[in-house]
Asks: 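The structure is given below, and queries will be raised subsequently.
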Amino acid sequence: MTTLDQPTATAPTVVTSGDRPVRRELGVANALSHGFLLLWGLLTVLPLLWMFISSFKTNGEILADPWGLPGALNLDNWARAWTEAHIGRYFLNSLVVVTGSVSLTMLMGATAAYVFARYEFRGRQVVYYLFVGGLMFPVFLALVPLFFVVRNAGLFNTWLGLILVYAAYSLPFTVFFLTAFFRTLPTSVAEAALVDGCGHFRLFFRVMLPMARPGLISVAIFNFLSHWNQFLLPQVLLQGDESKWMLAQGLFALSVSQGYAGDYARLFAGLSIAVLPVLAIYVAFQRQVQSGLTAGQLK
């Protein structure tokens, strides 16, 4: 007589509370990290907000109640900063120079990074590390030889000289970042384009550059911020002729003059004009920056 096998009863799983301390520690760590980020955000946003609010006040309101709201929106402060303090001229000068320097940096940096990432040739690593080695040298260490090089080249006190210097100092970071980004792009797409008869020149400009758009936008924004806020290089390479000054030089001169004149409303208005393009670009390309920074880490 055969008997059917009876299913063996399994003991019920007992959920212990041994993982509760771990979860509690993770919760505390998350709370501390979020609290630190919130504090950091407030320390960043509140000074900017105070600056914008103060740019619409009168000088009397700023001195009497620096933390209060303006009684009325005094747009005259912005108009005086744009015209009388020549912030408008310095703004346009910086826009021309930064546009040229960022365009040159991205063209040269993307080309070099693509070659380092996709082609094998003798001495590739040596040349790549020479580029990356430029990240180790601060700008102020080369100010004196840079001054004589630019002056002997006939580019002193010219926008072209400043554009070339900006591009030269931005290339190491651009090549370093984009080389890692180009390595994450699929090689099958490039091989298919070559099989279809696409040359190396068209492959780079028509196929690979559009695929690397998130990384290009991220690096371009970082370079724009670096060039837009640069003060030391324009102060050394642009001297004498105030009509060629950059925005940082104009704001420095405005802060010195308004420190004695007491026209703080115009000073805050000039600072707000300088900050607005940076905020607008970051808000417009926030998602591209985040995707570009994370895409280079995933493969």
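From a predicted model like this one, the values you see are computed outputs, not experimental measurements.
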Asks: Answer yes or no: does atom CZ of Arg124 have more than 12 heavy-atom neighbours from other residues, nucleotides or ligands under 6.0 Å?
Replies: yes
Asks: How close do Ala79 and Thr83 get, heavy atom to heavy atom, and via which atoms?
Replies: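 So the two residues come closest at O-OG1, 2.7 Å.
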Asks: Strictly distance-based, threshold 3.5 Å: is any side-chain N or O of Asn93 a donor or acceptor partner for the main-chain N or O of Leu247?
Replies: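 Here the side-chain-to-backbone pair does not exist.
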Asks: What side-chain donor-acceptor pairs closer than 3.5 Å can you find for residues 137-160, not counting sequence neighbours?
Replies:
from   : atom 1 : to     : atom 2 : distance (Å)
Asn152 : ND2    : Phe148 : O      : 3.0
Asn157 : OD1    : Gln239 : N      : 3.4
Asn157 : ND2    : Gln239 : O      : 3.4
Thr158 : OG1    : Leu155 : O      : 2.5
Thr158 : OG1    : Gly161 : N      : 3.3
Trp159 : NE1    : Lys244 : O      : 3.2

Asks: Find the distance between CE (Met51) and OG (Ser272) and round it off to the nearest 0.5 Å.
Replies: 4.0 Å
Asks: For the residue pair Phe268 and Tyr264, is the inter-centroid distance of their aromatic rings smaller than 6.0 Å?
Replies: no
Asks: Check the hydrophobic clustering (I, L, V, M, F, W, Y; side-chain heavy atoms under 4.5 Å; chains of links allowed) and say if Phe131 and Leu135 are grouped together.
Replies: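 Cluster IDs for Phe131 and Leu135 match.
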Asks: For the pair Asp196 (side chain) and Cys198 (backbone), establish whether a donor and an acceptor sit closer than 3.5 Å, ignoring hydrogens and angles.
Replies: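 Not a single qualifying donor-acceptor pair exists.
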Asks: Parallel, tilted or perpendicular: which fits the ring planes of Trp78 and Phe52, with parallel below 30° and perpendicular above 60°?
Replies: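 Judged by the thresholds at 30° and 60°, the geometry between Trp78 and Phe52 is parallel.
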Asks: Is there a side-chain contact between Trp82 and Phe91, using heavy atoms and a 4.5 Å cut-off?
Replies: yes
Asks: Grab the two heavy atoms, one from Ala180 and one from Thr184, that are nearest each other, plus how far apart they are.
Replies: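 Looks like O-CG2, 3.4 Å.
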Asks: Other residues, nucleotides and ligands only: do more than 12 of their heavy atoms fall within 6.0 Å of CE on Met108?
Replies: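 Not buried by this count: 12 neighbours or fewer within 6.0 Å.
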Asks: Provide the closest heavy-atom pair for Ala117 versus Arg183 in the form atom of the first, atom of the second, distance.
Replies: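 Taking Ala117 first and Arg183 second, the nearest heavy atoms are CB-CG, 3.7 Å.
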Asks: For the atom pair CG (Leu271) and CG (Leu48), what is the distance rounded to the nearest 0.5 Å?
Replies: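 Separation between the atoms: 10.5 Å.
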Asks: Just verifying a value: how many Å separate Leu203 CG and Phe201 CZ, rounded to the nearest 0.5 Å?
Replies: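 Leu203 atom CG to Phe201 atom CZ measures 11.5 Å (nearest 0.5 Å).
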Asks: What residue pairs, at least two apart or across chains, pass side-chain hydrogen bond (donor to acceptor under 3.5 Å, both in side chains) with a residue in residues 64-76?
Replies: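 Every pair satisfying side-chain hydrogen bond (donor to acceptor under 3.5 Å, both in side chains) with a residue in residues 64-76: Asp76-Arg80.
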Asks: Report yes or no: does Asn77 contribute a side-chain atom to a donor-acceptor pair with the main-chain N or O of Ser55 at less than 3.5 Å?
Replies: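 Yes.
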Asks: Kindly compute the distance separating CE (Met106) from OG1 (Thr111), expressed to the nearest 0.5 Å.
Replies: 10.0 Å
Asks: For Met246 and Leu162, what are the C-alpha separation, side-chain angles and deciding distance, and is it a side chain to side chain contact (heavy atoms under 4.5 Å, CB included)?
Replies: CA-CA 10 Å; Met246 298 293 101; Leu162 193 60; 3.8 Å; yes
Asks: Do Phe121 and Val132 sit in one hydrophobic cluster, given that two such residues count as connected whenever their side-chain heavy atoms are within less than 4.5 Å of each other, even indirectly?
Replies: yes
Asks: Can you hop from Leu276 to Leu49 via hydrophobic side chains spaced under 4.5 Å?
Replies: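 No, no single cluster joins them.
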Asks: Which value, rounded to the nearest 0.5 Å, describes the distance between Leu73 atom CG and Leu75 atom CG?
Replies: 6.0 Å
Asks: Would you call Tyr119 and His200 a side-chain contact if the rule is heavy atoms closer than 4.5 Å?
Replies: yes
Asks: Side-chain contact test, heavy atoms from C-beta onward, threshold under 4.5 Å: evaluate it for Arg202 versus Val207 and give yes or no.
Replies: no
Asks: Would the number of heavy atoms belonging to other residues, nucleotides or ligands and lying under 6.0 Å from CZ of Phe176 be above 12?
Replies: no
Asks: Donor-acceptor pair, Glu61 side chain versus Gly71 backbone, under 3.5 Å?
Replies: yes
Asks: If two hydrophobic side chains count as joined below 4.5 Å and joins carry through other members, does Val127 share a cluster with Tyr129?
Replies: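 Yes; Tyr129 is reachable from Val127 via cluster members.
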Asks: Do Phe56 and Leu69 share a hydrophobic cluster, counting only Ile, Leu, Val, Met, Phe, Trp and Tyr and linking them when any side-chain heavy atoms are less than 4.5 Å apart?
Replies: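 Cluster IDs for Phe56 and Leu69 differ.
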Asks: Do Ser101 side-chain atoms and Val98 backbone N/O form a donor-acceptor pair below 3.5 Å?
Replies: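 Flag set: sc Ser101 to bb Val98 pair under 3.5 Å.
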Asks: Show the nearest heavy-atom pair for residues Leu178 and Ala113, with the distance to one decimal.
Replies: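 Taking every non-hydrogen atom into account, CB-CB, 3.5 Å.
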Asks: Of all the heavy-atom pairs spanning Leu209 and Ala110, show the shortest one and how long it is.
Replies: CD2-CB, 4.2 Å
Asks: So, taking the atom named OG in Ser103 and the one named CD1 in Ile163, what distance separates them when rounded to the nearest 0.5 Å?
Replies: 9.0 Å
Asks: Given Ile87 and Leu251, is the side chain to side chain contact (heavy atoms under 4.5 Å, CB included) satisfied, shown in steps?
Replies: CA-CA 8 Å; Ile87 295 299; Leu251 290 175; 3.9 Å; yes
Asks: Do any N or O atoms from the side chain of Glu84 and from the backbone of Arg266 form a donor-acceptor pair under 3.5 angstrom?
Replies: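 No.
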Asks: Main chain of Leu232, side chain of Gln230: is a donor-acceptor contact present, judged purely on distance under 3.5 Å?
Replies: yes
Asks: Search all heavy atoms of Lys57 against all heavy atoms of Pro70 and return the closest pair with its distance.
Replies: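 Reported closest heavy-atom pair: CG-CB, 3.6 Å.
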Asks: Would you tabulate the side-chain donor-acceptor contacts of residues 165-174 under 3.5 Å, counting partners in other chains and residues two or more places apart, or write 'none'?
Replies:
from   : atom 1 : to     : atom 2 : distance (Å)
Ser170 : OG     : Tyr166 : O      : 2.9
Ser170 : OG     : His227 : NE2    : 2.5
Thr174 : OG1    : Ser170 : O      : 2.8
Thr174 : OG1    : Asn223 : ND2    : 3.1

Asks: Any chance you could lay out the side chain to side chain contact (heavy atoms under 4.5 Å, CB included) test for Gln249 and Tyr90, step after step, and finish with the verdict?
Replies: CA-CA 8 Å; Gln249 293 175 281; Tyr90 303 144; over 6 Å; no
Asks: Within the structure provided, determine whether Trp228 and Ser94 are in side-chain contact (heavy-atom separation under 4.5 Å).
Replies: yes
Asks: Aromatic ring centroids of Phe116 and Phe182 under 6.0 Å?
Replies: no
